[in-house]
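Chain naming here is simple, since letters A, B, ... match the order of the sequence lines and numbering starts at 1 in each.
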Amino acid sequence: MKFDIIANDPQSFARAAVIYTDHGLIETPVFMPVGTAGTVKAVHFRELENDIGARIILGNTYHLYLRPGIDVLEKAKGLHKFNGWNKPILTDSGGYQVYSLTDRRKMTEEGVVFQSHIDGSRHTFTPENVMDIQRSIGADIIMAFDECTPYPCDYAYASQSMNRTHRWLTRCISRISSTDSLYGYHQTLFPIVQGSVYGDLRKQSAEFVASANAKGNAIGGLSVGEPAEIMYEMTEMVCGILPADKPRYLMGVGTPSNILESISLGIDMFDCVMPTRNGRNGMLFTRQGILNIRNEKWKEDFSPIDQEGTSFVDTFYSKAYLRHLFVSGEMLGPMIASVHNLSFYMWLVDESRRQILEGTFSSWKKRMTVQTATRL
RNA sequence: GGGGAGAUACCAGAGCGGUCAAAUGGGGCAGACUGUAAAUCUGUUGGCUAAGCCUUCGGAGGUUCGAAUCCUCCUCUCCCCA
């Protein structure tokens with residue numbers, strides 16, 4: 001994997017760059033649609049690639065390991081071959097499930113024992129087997145096995161958890177460097193900074209992660225319920241420590257304004273379920289603001305979903321029709337909303353990139369931050 | 001023509017003397033969602049000068065301290081037999 005910075009914004013830490021992988025290049029800043037179970041829910045790859053313009057998508061180690069299972073993925077020769085997505089894939093390690101499945105797991109120094117949310121069966125994840133599983137899935141970028149701490153989280157626990165995540169990182173690196181890719185292309189490991197909302201822990205973690213000298217670095221444990229200001233504060237501090245010549249990935253973020261703000265702090269990569277999940281639930285993100293398409297006020301609004309939208313659904317369908325689909329429980333509704341939201345998110349990062357290249361990012365960002373947060 | 005069942009809030013449908021402004025579904029309205037246990041979840045759904053009051057359970061009367069619940073008549077539905 002290679003990372004080339006093309007331009008830096010003169011008034012912030014924002015940059016435009018290119019990440020090269022064996023499955024093609026990724027222009028940054030980039031938003032990566034989340035495809036947990038090997039599918040970006042409700043969206044065809046044809047739409048993802050052509051209408052939305054996705055450059056890389058996510059998969060999830062925990063979910064793919066449970067279904068379809070590693071044996072199937074290996075027989076398919078990896079997730080790319082299995083689902084047909086030929087562009088880069090990043091897999092999350094299951095660290096988020098350590099957080100979200102708190103009542104179904106038990107943590108030890110060795111790893112985590114999970115109870116499957118599907119059938120209750122018990123499974124063990126360790127830094128080593130999580131690396132092996134991600135080898136089997138065959139993602140281009142693979143994440144270290146970490147613990148995403150909750151919010152709030154007391155200092156003692158945050159510190160203890162962070163240190164364990166660091167020890168696990170050492171084991172991940174050792175495992176990944178002693179094994180080979182299964183399908184003939186490179187896989188790059190990204191370590192993850194933790195430390196909850198504590199500045200000194202974040203600093204310590206960023207320094208530890210930076211010292212690992214990985215080809216890209218991630219920030220985890222944020223956007224779990226803490227105020228946005230704290231998230232920005234932590235992100236800013238960590239970005240100041242992580243190497244500038246490597247991509248920085250802020251995991252699980254976020255709202256349109258979260259993304260713009262984080263780009264200005266030096267983040268290059270984002271992923272979030274928000275455009276897809278909230279889209280399925282009837283919430284649309286637009287340049288003018290957010291709206292709940294189920295609201296009665298759209299009942300007879302026959303104007304396009306988003307006049308300035310970049311996807312065909314934006315001007316092909318009207319708000320009133322999309323509302324009708326949601327109100328009727330028609331599956332096309334969530335499909336259209338997902339395509340729209342993902343297109344909007346892609347437009348947001350594409351336009352950010354364009355503004356960075358032209359040196360106008362900061363002033364543009366101010367306008368957009370206000371607009372996109374408005375409730376319509 | 002004979003016999004039977006029933007009319008409850010936007011709809012369906014519980015309730016069968018007080019704890020009922022009335023269960024439960026659906027529908028309506030609104031909210032939440034940030035490395036996806038999510039096509040999910042939550043709130044609300046008679047009115048008001050709102051910890052209280054007023055008007056509601058087909059209509060009109062009655063019994064009772066008290067009625068959606070019991071009685072009488074009326075109106076209307078549905079089912080079975082001719």
Interface limits on RNA chain B, where chain A has a heavy atom under 4.0 Å of a nucleotide atom | B/rG28 to B/rU40

Please tell me which of A/G329 and A/D146 maps to the more 5' nucleotide of RNA chain B, matching each residue to the nucleotide holding its nearest heavy atom.
-> A/D146

Of A/K299 and A/A228, whose closest RNA chain B nucleotide lies nearer the 5' terminus?
-> A/K299

Under a 4.0 Å heavy-atom cut-off, which of residues 243-255 of chain A touch RNA chain B?
-> A/M251, A/G252, A/V253, A/G254, A/T255

Per the under-4.0 Å heavy-atom filter, residues of residues 267-293 of chain A near RNA chain B come out as A/D271, A/C272, A/V273, A/M274, A/T276, A/R277, A/N278, A/R280, A/N281, A/M283, A/N292

Name all residues meeting the side-chain hydrogen bond (donor to acceptor under 3.5 Å, both in side chains) criterion together with A/D271; count only those two or more places apart in sequence or in a different chain, and write none if there are none.
-> A/Y249

Under 3.5 Å for both donor-acceptor distances, Watson-Crick or wobble: does [N] have a partner, and if so which one?
| N | result |
| --- | --- |
| B/rU36 | none |
| B/rU63 | none |
| B/rC76 | B/rG6 |
| B/rA12 | B/rU24 |
| B/rU49 | none |
| B/rC29 | B/rG43 |

Hey, which of A/L322, A/T286, A/T315 is the one that makes side chain to side chain contact (heavy atoms under 4.5 Å, CB included) with A/I305?
-> A/L322

Identify which one of A/T36, A/N341, A/V40 satisfies the side chain to side chain contact (heavy atoms under 4.5 Å, CB included) criterion when paired with A/T276.
-> A/V40

Checking all strands, does [X] fall into the base, sugar-phosphate, or nothing category for heavy-atom contacts under 4.0 angstrom?
| X | answer |
| --- | --- |
| A/E330 | nothing |
| A/D103 | base |
| A/R105 | nothing |
| A/N258 | base |
| A/I192 | base |
| A/V224 | nothing |
| A/G221 | base |

Out of curiosity, A/F125 CZ to A/E110 CD, how far, rounded to the nearest 0.5 Å?
-> 13.5 Å

Residues that, via side-chain heavy atoms closer than 4.5 angstrom, fall in one hydrophobic cluster with A/V327 | none

Determine the interatomic distance between [atom1] on [N] and the same-named atom on [M]; round to the nearest Å.
| N | M | atom1 | answer |
| --- | --- | --- | --- |
| B/rC41 | B/rC54 | P | 40 Å |
| B/rG1 | B/rG47 | C1' | 48 Å |
| B/rA39 | B/rU44 | C1' | 23 Å |
| B/rG6 | B/rG58 | C1' | 11 Å |
| B/rA51 | B/rC57 | P | 26 Å |
| B/rA23 | B/rC74 | C1' | 31 Å |
| B/rU24 | B/rU75 | P | 37 Å |
| B/rG59 | B/rU77 | C1' | 15 Å |

Return a table of donor-acceptor pairs under 3.5 angstrom between the side chains of residues 203-210 of chain A and protein atoms on other chains or two or more places apart.
| from | atom 1 | to | atom 2 | distance (Å) |
| --- | --- | --- | --- | --- |
| A/K203 | NZ | A/E207 | OE2 | 3.2 |
| A/S205 | OG | A/H166 | NE2 | 2.9 |
| A/S205 | OG | A/Q194 | N | 3.0 |

Heavy-atom neighbours of A/H117 NE2 exceed 12 at 6.0 Å | yes

Over 12 non-hydrogen atoms of neighbours within 6.0 angstrom of CZ in A/F316 = no

For the student: nearest non-hydrogen atoms of A/E74 and A/L182, plus distance = OE2-CD1, 4.0 Å

For A/Y99 and A/C148, work out which heavy atoms get closest and say how close.
-> CB-O, 3.0 Å

Show your reasoning for whether side chain to side chain donor-acceptor pair (under 3.5 Å) applies to A/S121 and A/H123.
-> CA-CA 7 Å; A/S121 55; A/H123 305 269; 2.8 Å; yes

Do A/D350 and A/R55 meet the salt-bridge criterion of a basic N to acidic O distance under 4.0 Å?
-> yes

Are any of the side-chain nitrogens in A/R164 or A/E109 under 4.0 Å away from the carboxylate oxygens of its partner?
-> no

